[in-house]
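Written out below as structure tokens is the structure these notes cover.
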Amino acid sequence: MNSQNWIGGEWGTPNGGSHPVYNPSQMTEVVGTVFHSSTSDVRQVDQAARTALKAWTATSLPVRGEYLYTMARVLEEHATEVATLSSREMGKPISEMAGEVIRGVKLLRYYAGEGVRTNGSVIPHSQDHVLQYSTRIPLGVVALITPWNFPVAIPVWKIAPALICGNTVIWKPSEMAALTATLLTSLFAQAGLPAGVLNLLVGEGANVGKLLVSTAAVDGISFTGSTKTGMAIAAVAAERNVKYQVEMGGKNAAVVLDDADLSLSVPAILSGAFRSAGQKCTATSRLIVQADILDPFIAALREGMQEISMGDARDSATYLGPVASAAQYAKVQRYAEMAQTEEMVSQDINVTVDPAQGYFVAPHVIMGVDVESPLVQEEIFGPIATILPAADLDDAIALCNQTVYGLSASVFTRDISRGFRFLEEADAGMVRINQETAGVEYQAPFGGMKHSSSHSREQGTSALEFYSQTKTCAVYFGS
Ligand code: NAD
């Protein structure tokens with residue numbers, strides 16, 4: 001399969017260069033070719049989305065909702081095909097990928113329902129015989145820039161609310177998930193969306209993404225990706241006075257207090273740290289453990305790790321697959337080498353694949369690491385987690401907050417008072433008791449604090465706030 005652009009309802013292959021995609025589980029398998037866009041494609045897509053805007057904005061909300069219901073149905077019908085391609089393209093284990101596609105279906109249905117829900121409010125006016133109300137109107141043309149690690153869910157949690165709010169969309173997916181993006185767009189095209197309402201622009205972030213942000217006549221930018229890129233995009237958007245949200249990295253902590261149920265916390269921590277090979281913005285990468293239960297915690301963790309099976313992403317029994325690409329492998333390997341100099345807690349897992357055939361990185365749990373170490377402070381985005389002992393709850397909260405990031409954090413305890421104190425004091429946008437740090441609910445707001453976000457939120461009704469602006473209207477109807 002090869003990538004294509006979909007601009008103004010037409011498919012085309014851009015000519016700004018290309019790269020082959022190798023299956024991260026089996027590097028000798030070529031999955032397809034990604035073709036990059038160039039400046040002329042950016043101009044063309046800008047025009048196409050602008051041309052389609054007026055009619056789409058004028059389309060009634062219930063009718064827009066019907067398009068989304070159809071997109072959900074078509075995606076559900078092709079769920080296995082999409083999950084399989086994604087697994088081959090970026091190495092997420094098929095069992096997780098299948099769940100992600102179904103999440104995409106649910107997101108589409110959730111936002112389709114917004115087509116018949118309240119779209120504003122009636123507000124009293126100081127004068128008699130005046131009806132005053134507020135209503136949401138679209139931003140206009142929005143640019144959606146997405147990462148590779150959730151190649152279906154993240155695009156859909158941007159595209160669906162953007163469309164239901166009446167915006168037209170230019171979607172620039174990650175160049176590392178562009179085959180999935182092409183398939184997804186071809187399915188959405190089957191829903192019969194009017195030409196130019198949804199456009200796909202494939203290309204490299206540093207070229208096409210940058211051009212889109214800095215030159216295209218867009219009215220909104222929603223970005224998910226690394227903090228470095230997000231901060232740069234935010235600066236350009238602010239300069240241009242374009243509404244933006246940038247959702248970025250994390251360095252998430254799971255705190256295990258001395259009364260925690262280890263049979264509950266250890267599986268949740270392993271899942272948060274190692275599913276998707278640790279390549280989730282909400283992945284658990286710091287395990288802050290109350291010192292007096294360190295020994296039983298480590299014993300339980302070692303036992304739990306023996307259940308982990310590292311294998312080919314296409315195998316439904318695989319828990320831990322490869323990392324996504326050669327670039328990811330090189331980056332994670334750098335940290336893995338750094339981790340080798342630390343005290344290794346365990347790497348005793350079940351391996352069902354020849355690790356040399358793909359971008360496989362064995363999971364690492366290490367301890368004795370200085371809290372200022374890059375292993376503790378930098379987002380690794382791989383299967384490497386660090387144990388940090390804490391004297392008590394105060395110390396654990398202080399360690400949890402000792403990071404520039406603030407995306408998600410969990411505490412494991414049976415004590416509801418200590419649990420609630422953690423929820424109040426942990427500096428993270430998503431805080432939990434006795435649940436893993438990873439995994440989000442599409443109907444609830446999601447976003448981070450500090451350097452994890454522009455302090456904006458996605459999903460749930462928060463997305464409707466981003467993809468619209470409020471108009472306050474008043475009508476004098478007296479004589
Ligand atoms: P990335 O920043 O490298 O790329 C993200 C997207 O931005 C891609 O589409 C890329 O092509 C594009 N891009 C790159 N440079 C650009 C530029 N100068 N201008 C415009 N666009 C540009 O991130 P990634 O490696 O694809 O994704 C991994 C990162 O995403 C991790 O840091 C992870 O924590 C983060 N992430 C955050 C969330 C969240 O909701 N907070 C969710 C998933 C992933």
Side-chain angles (χ1 to χ4, degrees), residues 3 16 19 34 36-37 42 89-90 92 100 143-158 170-178 180-181 200-216 218 221-237 242 244-252 276-285 323-325 327-332 378-382 403-408 428-430 437-440 442 444-459 462-463 466:
S3 78
H19 73 262
V34 171
H36 306 154
S37 301
V42 178
E89 184 176 23
M90 46 66 76
K92 186 178 288 191
E100 181 180 337
L144 310 181
I145 302 178
T146 54
W148 48 265
N149 69 326
F150 282 91
V152 175
I154 292 179
V156 174
W157 83 45
K158 294 181 192 293
I170 302 171
W171 174 26
K172 210 302 281 169
S174 166
E175 49 275 50
M176 282 163 58
T180 302
L200 176 67
L201 179 76
V202 172
E204 293 169 309
N207 300 325
V208 173
K210 203 168 177 178
L211 274 176
L212 194 57
V213 169
S214 57
T215 64
V218 294
I221 298 168
S222 177
F223 163 88
T224 299
S226 62
T227 295
K228 185 167 173 245
T229 311
M231 298 272 218
I233 289 177
V236 176
V242 172
Y244 69 89
Q245 63 175 173
V246 291
E247 305 302 334
M248 306 178 283
K251 189 75 189 172
N252 313 293
S276 292
Q279 301 169 115
K280 293 182 186 174
C281 53
T282 49
T284 312
S285 60
V323 297
S325 64
Q328 261 301 100
Y329 184 77
K331 181 185 158 201
V332 177
E378 294 175 10
E379 185 187 43
I380 298 173
F381 226 51
T403 164
V404 296
Y405 295 106
L407 193 50
S408 68
M430 195 168 76
T437 62
V440 298
Y442 62 85
F446 172 57
M449 293 165 66
K450 302 197 280 187
H451 284 199
S452 290
S453 166
S454 49
H455 320 291
S456 36
R457 294 291 178 264
E458 297 197 278
Q459 305 195 73
S462 299
F466 178 75

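Indexing begins at 1, ligand by ligand and atom by atom, following the structure's order. Keep in mind the model is a prediction, meaning the values are calculated, not measured.
The shortest N/O to N/O separation between W148 and ligand 1 falls below 3.5 Å. Every N/O-N/O distance between I145 and ligand 1 stays at or above 3.5 Å. The N/O atoms of T227, backbone and side chain alike, include none that comes under 3.5 Å of an N/O atom in ligand 1. Checked by distance only, ligand 1 and N149 stay at 3.5 Å or farther apart across all their nitrogen or oxygen atoms. Residue W157 has no N or O atom closer than 3.5 Å to an N or O atom of ligand 1.
Contact annotation: for T224 versus ligand 1, heavy atoms closer than 4.0 Å belong to both the backbone and the side chain. At a 4.0 Å heavy-atom cut-off, ligand 1 touches M248 through the backbone alone. Contacts between F150 and ligand 1, counted as non-hydrogen atom pairs separated by less than 4.0 Å, are absent for every part of the residue. Contacts between P173 and ligand 1 below 4.0 angstrom, taking non-hydrogen atoms only, involve the backbone exclusively.
Proximity of T282 to F446: side-chain heavy atoms (C-beta onward) are separated by under 4.5 Å at one or more points.
When L144, V246, T146 are ranked by how near their heavy atoms come to atom 6 (C) of ligand 1, first place goes to T146. Atom 35 (C) of ligand 1 has its nearest heavy-atom neighbour, among S174, G209, G225, G249, in G225.
Distances below 4.0 Å separate heavy atoms of G205 from the following atoms of ligand 1: 10 (C), 11 (O), 12 (C), 13 (N), 14 (C), 15 (N), 16 (C), 17 (C), 18 (N), 19 (N), 20 (C), 21 (N), 22 (C).
Residue-environment remark: NZ (K210) stays at or below the threshold of 12 foreign heavy atoms within 6.0 Å.
The distance between the ring centers of F381 and W148 falls below 6.0 angstrom.
Put simply, the side chain of Q459 never gets that close to the backbone of W157: no donor and acceptor are under 3.5 Å apart. Between the K172 side chain and the G203 main chain, a donor and an acceptor come within less than 3.5 Å of each other. Under the 3.5 Å distance criterion, the side-chain polar atoms of Q245 are left unmatched by any main-chain donor or acceptor of F466.
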Should L212 and I221 be marked as a side chain to side chain contact (heavy atoms under 4.5 Å, CB included) after you check the CA-CA gap, both sets of side-chain angles, and the distance that decides it?
CA-CA 9 Å; L212 194 57; I221 298 168; over 6 Å; no

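Distance screen at 4.0 Å: atom 4 (O) of ligand 1 has no protein heavy-atom neighbour inside the cut-off.
Of the protein's heavy atoms, E379 OE2, 2.6 Å lies nearest to atom 34 (O) of ligand 1. Protein heavy atom closest to atom 23 (O) of ligand 1, with residue, atom name and distance, is S226 N, 3.3 Å. Atom 39 (C) of ligand 1 has its closest protein heavy atom at C281 SG, 3.5 Å. Considering only non-hydrogen protein atoms, atom 15 (N) of ligand 1 sits nearest to T229 CG2, 3.3 Å.
Residue contact check for ligand 1: G448 places no non-hydrogen atom closer than 4.0 Å to it.
Under a cutoff of 6.0 Å and an axis angle of 45°, K92 and F150 form a cation-pi pair.
When only modelled atom types and interatomic distance are considered, S222 and K158 share a side-chain donor-acceptor pair under 3.5 Å.
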